[in-house]
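Here is the structure we will look at, set down as structure tokens.
If you're wondering where the values come from, they're calculated on a predicted model, not measured in any experiment.
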Number of protein chains: 2
Amino acid sequence: MAANYSIGQFSKKTSTTIRTLRYYDEIGILKPAFITESGRRYYSDNDLIKLQKIVSLKYLGYSLEKITEFIHMNDWNLKESLSFQRKEMLQKKLHIEKVIRALDHALHIMDDDGEVDSSIFISLILNIQMESEHKKWLKGFIEEKKVDAMYDIPEEKQLELNKKAITIYSDLKNLYGHDPESNQVQEVIKGYMEIVQEIIGDDFKLVQELYDMGNESESQIDTHNLFHSPFTPEEEEWVTKAMDIYLRKKGVIVDGK
Amino acid sequence: MAANYSIGQFSKKTSTTIRTLRYYDEIGILKPAFITESGRRYYSDNDLIKLQKIVSLKYLGYSLEKITEFIHMNDWNLKESLSFQRKEMLQKKLHIEKVIRALDHALHIMDDDGEVDSSIFISLILNIQMESEHKKWLKGFIEEKKVDAMYDIPEEKQLELNKKAITIYSDLKNLYGHDPESNQVQEVIKGYMEIVQEIIGDDFKLVQELYDMGNESESQIDTHNLFHSPFTPEEEEWVTKAMDIYLRKKGVIVDGK
DNA sequence: CATAAAACCTAACGTAACGAGAGATGCAAG
DNA sequence: CTTGCATCTCTCGTTACGTTAGGTTTTATG
């Protein structure tokens, strides 16, 4: 029970700040072996081991509250707890990986032209963020296999396609107001449809299905909360018109207004 | 500039809590388009876009403070900032991966026997945590190539070796007090040395070097802060004695005390 | 032994991004 | 006119300490 170390010495020995040691004393997770009448703290070798335990568990991501529980209960189910913690950490890892992917996409589209329209940037990020929700939603309408195929594209290709799409969004925004039937506009739309086809393949029926889904009045509310558009409502109406014309010419749309 | 949405409506539309919206108003990152005399907040479509921008940037890991800066400066270098953020996130990812590895090791050694000695557990975690520091330290003494080779072991094998080592630590702790020269003790030490050899190869010179390094008085301080031992000082003295006897018999140590 | 310097003490505020509650007010419908 | 819902403004709580500020105790030195 030798209380050998003053707080300063203990602090150096353990690479823990004095403040931290006092805090641990305060919350009762590590009380020094001995306190003098004047209030000075002295720590023992036993405290050293206790602190190491705390540090280890902290490293594994536990909160001080949990650790306090662990230390005071002596029959804690370590294995189960570790296994739970592992799952939590895997979750966190997945999240970070998604964020990194979003950053990669954002950086990639800025490679040459440092400037991107703000709303395009936003929709890029928001859509990457919602990707898994998109998949789920689509699977409610389309065969699971087809949906998986749509998303099973090598990362590099995705970066490229996304970049092309962004350029087209930008072009469309610049062309807003022009006649939707003009060659200029129709050319850009054609470029867009080429990208769509690279993603979903040459399956024209699928193109049509997707198109219908986006326009069904009941799903409108869903789609607009789920898929973020880079366009303003006015722009979007105009783009839809241009797309309509394009698809009609291609014979994908036959009926209806 | 139509201020169309009450805070409740805006909250639902954006899946943001009312509290958050009020907070954003308070810190000035998103002030509603219009506030009535009685203090009610009304948001516009423009605010919608602003909020989406905030949400996007938050998703990328930026703090509200940074975001506020971004929004108020209109010439922020987005690209550089994103690139910096990416690095930060990669760091975080690396950290989490290390934690997961530590959890894996901890779980693996508990696969059969749910119980592990507390100090062994601690040293396992602390040593995994310090792994990169260990490598650096070793490279100050041993050829870089050799050090890299020591650590370049498939994860599965590492789990196995670690588990074996833990069992041996446990055995040694149980045998503490017995004659270090006894067959029983020497057998366990032999098992330990087999593990060591699996890691560093059949290079007896290297074994000797490592052994010397651990015992050189000047490096003692370093080693004890860097490598965490699962043994108490008394236990460790005893283990060292047993190891000494073993290595002397094997002819690895010749001279000295 | 006196004094200065070093080490230590408590107390209290600050952090980030809200969540949760208390208690007061506004506003539209019956 | 009252009921009831929406909204308002405080204010405290959260995590794990960092950071002063201002006072006391120990230790080193002349």
Side-chain angles (χ1 to χ4, degrees), chain A residues 3-43 47 50-71 85 88-89 92 95 99, chain B residues 3-43 47 50-71 85 88-89 92 95 99:
Chain A
N4 299 316
Y5 315 106
S6 72
I7 198 169
Q9 291 166 330
F10 200 65
S11 158
K12 273 180 194 155
K13 200 174 169 62
T14 61
S15 310
T16 311
T17 68
I18 290 180
R19 174 64 175 121
T20 298
L21 290 172
R22 288 206 267 249
Y23 179 64
Y24 287 176
D25 181 7
E26 188 189 332
I27 64 173
I29 192 171
L30 178 66
K31 289 194 174 297
F34 178 67
I35 298 186
T36 67
E37 278 181 49
S38 64
R40 274 151 196 244
R41 298 169 178 81
Y42 286 90
Y43 293 87
D47 294 330
K50 279 190 201 168
L51 182 57
Q52 282 164 346
K53 200 166 185 171
I54 294 167
V55 171
S56 306
L57 291 171
K58 236 183 41 174
Y59 179 72
L60 297 180
Y62 290 102
S63 68
L64 290 183
E65 200 186 343
K66 275 275 165 215
I67 296 174
T68 315
E69 275 178 42
F70 287 167
I71 288 178
Q85 192 66 13
E88 296 272 291
M89 287 296 153
K92 273 199 184 182
H95 175 76
V99 172
Chain B
N4 298 316
Y5 315 105
S6 72
I7 198 169
Q9 291 166 329
F10 200 65
S11 157
K12 272 179 196 157
K13 200 174 169 64
T14 60
S15 310
T16 311
T17 68
I18 291 179
R19 174 65 176 118
T20 298
L21 290 172
R22 287 207 266 251
Y23 179 64
Y24 286 178
D25 181 8
E26 188 187 332
I27 64 172
I29 192 169
L30 179 66
K31 290 194 173 296
F34 179 65
I35 298 186
T36 68
E37 278 181 47
S38 63
R40 277 155 192 243
R41 297 167 177 83
Y42 285 91
Y43 294 86
D47 294 331
K50 279 190 201 166
L51 182 57
Q52 281 163 346
K53 200 166 185 172
I54 294 167
V55 171
S56 307
L57 291 171
K58 233 182 42 174
Y59 180 73
L60 296 181
Y62 290 102
S63 69
L64 290 182
E65 199 186 343
K66 275 274 165 216
I67 297 174
T68 315
E69 276 178 42
F70 287 167
I71 288 177
Q85 192 66 12
E88 296 272 289
M89 287 296 153
K92 273 199 184 182
H95 175 76
V99 171

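First and last contacts of DNA chain C with chain A, using any nucleotide atom under 4.0 Å from a protein heavy atom and ordered 5' to 3', fall at C:dA7 to C:dA12.
Contact check for B:Ile7 versus B:Arg22: side-chain heavy atoms found under the 4.5 Å cut-off. Side-chain atoms of B:Asp25 and B:Arg41, non-hydrogen and from C-beta on, do get closer than 4.5 Å to each other. You'll find the side chain of B:Thr17 stays beyond 4.5 Å of the side chain of B:Tyr23, heavy atoms only.
Comparing A:Arg19 and A:Thr36 by the nucleotide of DNA chain D that holds the closest heavy atom to each, the one mapping nearer the 5' end is A:Arg19. Along DNA chain C, the nucleotide closest to A:Ile18 and the one closest to B:Tyr23 are compared, and the more 5′ of them pairs with A:Ile18. Toward the 5′ end of DNA chain D lies the nearest nucleotide of B:Lys12, the other residue of the pair A:Thr17 and B:Lys12 mapping further downstream.
B:Tyr42 comes within contact range of no nucleotide atom at all, as no heavy-atom separation falls under 4.0 Å. Residue contacts for A:Ile27: at a heavy-atom cut-off of 4.0 Å it reaches no nucleic acid atom on any strand shown.
Rounded to whole Å, the distance from CG on B:Asp25 to C1' on D:dC8 is 12 Å. In this structure, CD of A:Glu37 is placed 17 Å from P of D:dT24, rounded to the nearest angstrom. Atom pair B:Leu21:CG and D:dT9:C1' shows a separation of 16 Å (rounding to whole Å applied). Regarding B:Glu26, its CD atom lies at a distance of 10 Å from the P atom of D:dT9, rounded to whole Å.
The shortest distance between the side-chain N/O atoms of B:Ser6 and the OP1/OP2 oxygens of D:dT7 is below 4.0 Å. Considering only side-chain N and O atoms, A:Arg22 lies nowhere under 4.0 angstrom from the phosphate OP1 or OP2 of D:dA16. A sub-4.0 Å separation between OP1 or OP2 of D:dT7 and a side-chain N or O of B:Ser38 is absent.
To the nearest 0.5 angstrom, A:Ile67 atom CD1 is 11.5 Å from A:Leu30 atom CG.
Enclosure of atom NZ in B:Lys31 by more than 12 non-hydrogen atoms of other residues, nucleotides or ligands within 6.0 angstrom is indicated. The number of heavy-atom neighbours closer than 6.0 Å to CD of B:Glu65, taken from other residues, nucleotides and ligands shown, is 12 or below.
Between B:Tyr59 and A:His95, the two ring planes are perpendicular [angle over 60°; tilted spans 30° to 60°]. Ring geometry for B:Tyr43 versus B:Phe10: interplanar angle under 30°, hence parallel rather than tilted (30 to 60°).
Sequence neighbours left out, the pairs with a member in residues 3-13 of chain A that pass side-chain hydrogen bond (donor to acceptor under 3.5 Å, both in side chains) are A:Tyr5-A:Asp45, A:Ser6-A:Gln9.
Applying a 4.0 Å cut-off to non-hydrogen atoms, none of the residues of residues 52-64 of chain A approaches DNA chain C.
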